[in-house]
Student: 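Would you mind keeping the following structure in view while I ask a few things?
First the proteins, then the strands, lettered A, B, ... as listed; each starts at 1. Since we're looking at a predicted model, the values are computed, not measured.
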There are 2 protein chains.
Amino acid sequence: MLIRTTTVSRPAVDGQLAALAGQQIICSEFTYRRGMEVFGEGEEAEYVYQIVSGTIRTYKMLCDGRRQINSFHLADDMFGLENGIIHRFTAEAVTQAKVRITSRSSLLDTIAQREPGQASLLNLVTRNLQHAENHMLLLGRKTALDKLAAFLLEMDERLAHPNVMSLPMNRRDIADYLGLTLETVSRAFSILRDDKMLRFDGQTQRQLVLLDREALVQLDA
Amino acid sequence: MLIRTTTVSRPAVDGQLAALAGQQIICSEFTYRRGMEVFGEGEEAEYVYQIVSGTIRTYKMLCDGRRQINSFHLADDMFGLENGIIHRFTAEAVTQAKVRITSRSSLLDTIAQREPGQASLLNLVTRNLQHAENHMLLLGRKTALDKLAAFLLEMDERLAHPNVMSLPMNRRDIADYLGLTLETVSRAFSILRDDKMLRFDGQTQRQLVLLDREALVQLDA
DNA sequence: CGCCCTGTTGAACTCTTTCAAAAAATGTGG
DNA sequence: CCACATTTTTTGAAAGAGTTCAACAGGGCG
């Protein structure tokens with residue numbers, strides 16, 4: 001882990017974070033060289049960041065090295081604010097970048113005190129954001145089979161792992177969710193069926209049983 | 001526009017919206033039939049929604065009909081909360097769905113409304129979410145050329161429409177942002193150059209001039 | 001000058017889409 | 001309950017967009 005409190009400086013008056021947090025907040029600046037990591041996916045989210053100058057990329061990776069960059073952050077952009085205590089993606093300097101760093105807990109404490117209620121609303125929005133981040137990785141970097149496996153696991157989890165899963169949506173809806181055509185979705189279903197990862201239950205093709213969640217997780221990862 | 005205050009009912013105790021808003025908030029329920037639109041992209045965001053039962057899809061569309069579904073919302077999920085006054089996507093019933101509807105303004109009023117104009121944390125997170133929603137449409141439904149045009153317009157705007165645009169990132173970064181390979185990005189650059197939509201400036205291929213923003217917008221739309 | 005990094009271009013290949021047809025499921029009316 | 005129409009899903013074959021593998025070109029820097 002990097003030591004981040006190298007350059008302690010007075011927060012700029014116009015900085016969003018500084019404005020949000022007020023002057024009493026611990027706030028320092030650090031300069032990252034090209035390619036340096038600001039934080040990694042899975043690390044504890046101790047700080048919130050705002051760019052003073054330079055460019056930062058935030059991204060997720062699949063285990064085989066496929067990478068999906070969520071955003072390029074330029075001057076004044078904020079990033080790294082998490083709902084939970086863990087960073088959901090990695091942040092790296094694209095160019096040399098000067099970054100303003102604020103303690104997450106002190107920031108959130110201040111917000112909670114000053115604007116009670118906004119914190120819980122913030123939670124809801126952050127949850128949507130989290131879903132969107134995962135979905136960008138899926139859309140940008142997964143194959144048709146990966147996508148369908150991920151979709152089935154998502155539905156399985158949200159429906160609380162039922163024995164027989166009833167999908168409320170048709171193949172076109174699934175396709176438009178996964179960035180595919182309905183024919184490709186149908187073919188992917190057939191492959192998973194032939195490979196014994198699922199079977200259809202009853203007359204309809206919308207009721208199905210996941211036979212091998214492990215294998216689906218493998219595809220998704 | 002639909003009349004939504006059909007069934008006025010006491011908010012469920014465990015509902016997120018009710019919990020957020022408190023019991024004094026105007027809160028009603030409405031049942032949407034399969035295929036019905038809850039709200040459309042671009043409409044005024046008067047209400048916030050939470051699902052009681054059924055499934056709702058939220059999506060964006062390109063002008064030629066390509067559709068990208070952001071999320072399927074199931075029981076208890078909240079959706080439709082916007083930062084600004086306009087809905088950024090469309091919401092429709094996948095199945096018959098019962099939805100709890102709350103007035104946005106009364107919800108936000110209750111949640112200690114901050115003074116207008118000042119940056120809020122919620123604003124910052126919502127901006128990230130908004131970007132993610134647009135990017136999902138790009139990743140799921142746009143061609144390589146569309147994607148590069150969208151990227152260039154995004155950078156152009158964020159760099160305040162400079163004459164000569166200096167990209168801080170290399171082709172691989174752009175590729176990983178757009179869900180492409182670096183070779184495809186390079187080819188797309190060459191096509192846009194040959195079609196006189198941009199030209200490279202100076203020695204490097206990271207400095208460029210947008211020659212026809214209109215045409216790029218056309219590609220992106 | 002030569003090396004490394006970044007970017008471009010070509011050719012073969014692969015995955016997904018498109019177009020087409022048939023099969024399966026759902027709904028309707030007698 | 002059955003016949004018929006409609007919608008949804010599956011499957012096949014051909015076409016297309018993007019990837020992969022490979023070679024090369026140009027600039028920056030020791």
Side-chain angles (χ1 to χ4, degrees), chain A residues 33-35 55 57 62 64-68 94-96 138-149 151-152 166-195 198-208 219, chain B residues 33-35 57 62 64-68 94-96 138-149 151-152 165-195 198-208 219:
Chain A
R33 275 193 296 276
R34 196 163 165 277
T55 306
R57 60 181 168 235
L62 294 171
D64 64 354
R66 284 175 285 177
R67 181 178 70 158
Q68 179 61 47
V94 175
T95 61
Q96 183 171 88
L138 177 146
L139 290 170
R141 287 296 175 219
K142 290 184 183 174
T143 66
L145 223 51
D146 298 347
K147 286 175 175 181
L148 186 59
F151 168 75
L152 291 171
S166 287
L167 297 176
M169 71 289 287
N170 64 23
R171 299 291 189 252
R172 168 169 292 283
D173 284 329
I174 299 173
D176 285 351
Y177 182 55
L178 300 178
L180 299 168
T181 60
L182 65 93
E183 292 94 335
T184 302
V185 170
S186 179
R187 279 182 244 272
F189 265 114
S190 300
I191 291 171
L192 293 183
R193 165 174 45 72
D194 295 347
D195 289 356
L198 60 81
R199 67 176 169 75
F200 294 113
D201 188 87
Q203 320 285 17
T204 169
Q205 282 94 330
R206 294 207 200 165
Q207 270 173 278
L208 47 92
L219 271 183
Chain B
R33 277 194 295 276
R34 194 163 165 276
R57 59 181 170 237
L62 293 172
D64 64 354
R66 284 174 285 177
R67 181 178 71 160
Q68 179 61 48
V94 176
T95 61
Q96 183 169 91
L138 177 146
L139 290 170
R141 287 296 177 223
K142 290 184 182 174
T143 67
L145 224 51
D146 297 346
K147 286 175 175 181
L148 186 59
F151 168 75
L152 291 171
M165 175 158 58
S166 287
L167 297 176
M169 71 290 285
N170 64 22
R171 297 294 189 250
R172 168 169 294 282
D173 284 330
I174 299 173
D176 285 351
Y177 181 55
L178 300 178
L180 298 168
T181 59
L182 64 92
E183 292 94 334
T184 302
V185 170
S186 179
R187 279 183 246 272
F189 264 115
S190 299
I191 290 171
L192 293 183
R193 165 174 47 72
D194 295 348
D195 289 355
L198 59 83
R199 68 176 168 76
F200 295 113
D201 189 88
Q203 320 287 15
T204 167
Q205 281 93 329
R206 293 206 201 167
Q207 271 173 279
L208 48 92
L219 272 183

Student: Output the rounded distance in Å from CG (A:N170) to P (D:dT7).
Tutor: 13 Å
Student: On DNA chain D, check which nucleotide each of A:M169 and B:G179 is closest to and give me the residue with the more 5' one.
Tutor: A:M169
Student: For A:D194 and A:I191, indicate whether the former's side chain and the latter's backbone hold a donor-acceptor pair under 3.5 Å.
Tutor: no
Student: Report which part of the nucleic acid A:R141 touches: base, sugar-phosphate, or nothing (heavy-atom distance under 4.0 Å, all strands).
Tutor: nothing
Student: Mapping A:L145 and B:F200 to their closest nucleotides on DNA chain C, which lands nearer the 5' end?
Tutor: B:F200
Student: Just call it for A:R66: base, sugar-phosphate, or nothing, with non-hydrogen atoms closer than 4.0 Å on any strand.
Tutor: nothing
Student: Between atom CG in A:L182 and atom P in D:dT7, what is the gap in whole Å?
Tutor: 15 Å
Student: Of all heavy-atom pairs between B:L182 and B:A175, which one has the smallest distance, and what is that distance?
Tutor: N-CB, 3.5 Å
Student: For a quick check of understanding: with a heavy-atom distance under 4.0 Å over all strands, which category does B:G202 fall into, base, sugar-phosphate or nothing?
Tutor: nothing
Student: How many whole angstroms separate atom CG of B:L148 from atom C1' of D:dG18?
Tutor: 14 Å
Student: Quick test: give all pairs of protein nitrogen or oxygen and nucleotides 20-24 of chain D nitrogen or oxygen below 3.5 Å, distance rounded to 0.1 Å.
Tutor:
from	atom 1	to	atom 2	distance (Å)
D:dT20	O4	B:R187	NH2	2.8
D:dC21	N4	B:E183	OE2	3.3

Student: Looking at B:Q68 and B:L138, would you say the former's side chain and the latter's main chain have a donor-acceptor pair under 3.5 Å?
Tutor: no
Student: What range of DNA chain C does chain B touch, first nucleotide to last, counting atoms under 4.0 Å from its heavy atoms?
Tutor: C:dT6 to C:dA11
Student: Tell me: CG of A:L139 to P of D:dG18, nearest whole Å?
Tutor: 15 Å
Student: Expressed in angstrom and rounded to an integer, what is the separation of A:Q207 atom CD from D:dT8 atom P?
Tutor: 17 Å
Student: Could you check whether A:L180 gets within reach of a base, just the sugar-phosphate, or nothing at all, counting any heavy atom under 4.0 Å?
Tutor: sugar-phosphate
Student: Polar atoms only, N or O, under 3.5 Å: list the protein pairs with nucleotides 25-28 of chain D and their distances.
Tutor:
none

Student: Using a 4.0 Å heavy-atom cut-off, does B:S190 contact any base of the nucleic acid, only the sugar-phosphate backbone, or nothing at all?
Tutor: sugar-phosphate
Student: With no hydrogens and no angle check, is any side-chain donor or acceptor of A:T95 less than 3.5 Å from a backbone partner on A:T55?
Tutor: yes
Student: Any side-chain heavy atom of A:R67 within less than 4.5 Å of one from B:R172?
Tutor: yes
Student: Decide yes or no for A:L167 and A:I174: does some side-chain heavy atom of the first lie under 4.5 Å from some side-chain heavy atom of the second?
Tutor: yes
Student: So B:D176 and A:R66, do their side chains get closer than 4.5 Å, heavy atoms only?
Tutor: no
Student: Measure the shortest side-chain to side-chain distance between B:R171 and B:F189 over non-hydrogen atoms and say whether it is less than 4.5 angstrom.
Tutor: yes
Student: Taking atom CZ as the centre, does B:R193 end up with more than 12 heavy-atom neighbours from other residues, nucleotides or ligands that are less than 6.0 angstrom away?
Tutor: yes
Student: Spell out, as yes or no, whether a donor-acceptor pair under 3.5 Å connects the side chain of A:K142 to the backbone of A:K147.
Tutor: no
Student: Taking B:R141 for its side chain and A:L180 for its backbone only, find out whether a donor-acceptor pair lies under 3.5 Å.
Tutor: yes
Student: Measuring only between side-chain heavy atoms, which start at C-beta, is B:R57 closer than 4.5 Å to A:D173?
Tutor: yes
